[in-house]
Amino acid sequence: MLLAIETSCDETGVALFSEDGKPIKDYLYSQVALHSPFGGIVPEIASRKQLEVLYPLIEQALKETGIALRELKAIAVTFGPGLIGSLLVGVTFAKTLSFALNIPLIGVNHLDAHIFSVFVEREVPFPFIGLLVSGGHTALFKVEDFEALELIGHTRDDAAGEAFDKVAKLLGLPYPGGPAVSKLAEAGDPFAYDLPRPMLEADNLDFSFSGLKTAVYYLVKNNIDSIRLEDLCASFQRAICEVLVEKTLRACKLLGIPRVVVTGGVSANKYLRKLFYESAGDVEVFFPSPRLCTDNAVMVGFLGWVKWKRGRRTLLTEEPFARAIYRRGKVIDPP
Ligand code: KG4
Ligand code: ZN
């Protein structure tokens, strides 16, 4: 039995996996209601809540599955990137349990966990192009193995999810912005407003979304009486999704890889899914179910299980890390 823990941000996730890598039970505690009044995540509040919630959640998981502590054979935990206070809660808990039970500790990189979340539901042949679109990251990877990811493009400023969140805030919509914007967009015309497609013409695989946010700001400011919120949300969503789809398919073409995996919170977006399927042509596109797109412990458990079976171990002296450790073109192992 493997226990997986995810506490990189404002979600507390716990999952139990069988010896042969099947998820048995998982739990997720969301702090959205707690941070919503602030229009974003307050790191201090997030880590304190993690501390309060994690142990009861694990206790509940063991109780409901009837699994005893001594039946745990390994413990997987997110080491980063994320909010350091939140990460420390999960990592310290996992280290303590690993030490007390004398079982292996498996550190998992949160970004890798997102990319391979799709494998919980189906196998995808290697190699593939991995697009990770979350609140903290927007990056393209060439993925050849569970431990061989090569960064081929990333955002130069805001992440796609961050752009959704910032535009939502600007429009007075609740946090997190992605679901709020996409819900309004469903009733809007995606062709109503002409917004920029940043970096689309650039001869590289990088993204930039902060200019788009500024364009929305001025569009609202200059048309405050006539703007139709649904149309604006739909047009903004189209602009973001078109860039994501176009650059990802360009990567497939450049590298001759006819397979794409899209993961992270923004990959739950219905319009993005539709646009990918419509535009893909001969390229096969894979998405995880929406519940696996946003932060969860199942994705951590799956990758933790792969690493455990490969004999990977993380030392108790390793520290969690707040920032991504990828550099373009280089494969750097998580701790
Ligand atoms: O992967 P995730 O849960 O956390 C990070 O690792 O960042 O992603 C959260 C992000 C938020 O920015 C949220 O607004 C966005 O994913 N998001 C969406 C949707 N659902 C969540 N963005 C667009 N459309 C959605 N349906
Ligand atoms: Zn995430």
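Whatever order the structure lists ligands and atoms in, that order sets their numbers, starting from 1. Quick note: numbers below take in every heavy atom, side chains included, and nothing from hydrogens, waters or symmetry partners.
- Ring-centre distance between F141 and F116: not below the 6.0 Å cut-off.
- Counting only distance, with no hydrogens or angles, the side chain of R313 and the backbone of W308 share a donor-acceptor pair below 3.5 Å.
- No N or O atom of G264 sits closer than 3.5 Å to an N or O atom of ligand 1.
- Counting heavy atoms under 4.0 Å from ligand 1, residue H114 touches it through the side chain alone.
- For atom 10 (C) of ligand 1, the candidate residues are S117, G135, S267, A113; the nearest heavy-atom contact is made by G135.
- Taking every heavy atom of S134 and a limit of under 4.0 angstrom, the matching atoms of ligand 1 come to 1 (O), 5 (C), 6 (O), 7 (O), 8 (O).
- Using a cut-off of 2.8 Å, one finds that C9 contributes no N/O/S atom close to the Zn ion (ligand 2).
- Looking at F164 next to ligand 1, no N or O pair under 3.5 Å apart turns up.
- Near T294, meaning under 4.0 Å from any of its heavy atoms, are these atoms of ligand 1: 3 (O).
- Inclusion of H110 in the first shell of the Zn ion (ligand 2) is supported: an N, O or S atom falls under 2.8 Å.
- Looking at L219 and L195, their side chains come closer than 4.5 Å, going by heavy atoms from C-beta outward.
- Of all protein heavy atoms, the one lying nearest to atom 12 (O) of ligand 1 is D165 OD2, 2.7 Å.
- Listed by atom number, the atoms of ligand 1 under 4.0 Å from G136 heavy atoms are 7 (O).
- For the pair M199/V243, no side-chain contact is recorded, criterion being any heavy-atom separation below 4.5 Å from C-beta on.
- Shortest contact from atom 18 (C) of ligand 1 to any protein heavy atom: G178 CA, 3.5 Å.
- Of the listed residues (Y193, F164, Y271), just one forms a ring pair (Phe, Tyr, Trp, His ring centres under 6.0 Å) with F236, and that residue is F164.
- In the vicinity of S182, heavy-atom distances shorter than 4.0 Å reach the ligand 1 atoms 26 (N).
- Between H110 and ligand 1, an N or O atom pair is found at a separation short of 3.5 Å.
- By the 3.5 Å distance cut-off applied to N or O atoms, P176 is not counted among the residues near ligand 1.
- Of the protein's heavy atoms, N269 ND2, 3.0 Å lies nearest to atom 24 (N) of ligand 1.
- The option from N296, D10, D295 that lies nearest to atom 4 (O) of ligand 1, judged by heavy atoms, is D295.
- Side-chain contact check for L140 versus F207: some heavy-atom pair is nearer than 4.5 Å.
- Comment: D157 does not engage K213 in a salt bridge, judged by the lack of any side-chain N to carboxylate O separation of less than 4.0 angstrom.
- If you check which protein heavy atom lies closest to atom 20 (N) of ligand 1, you get G265 O, 3.4 Å.
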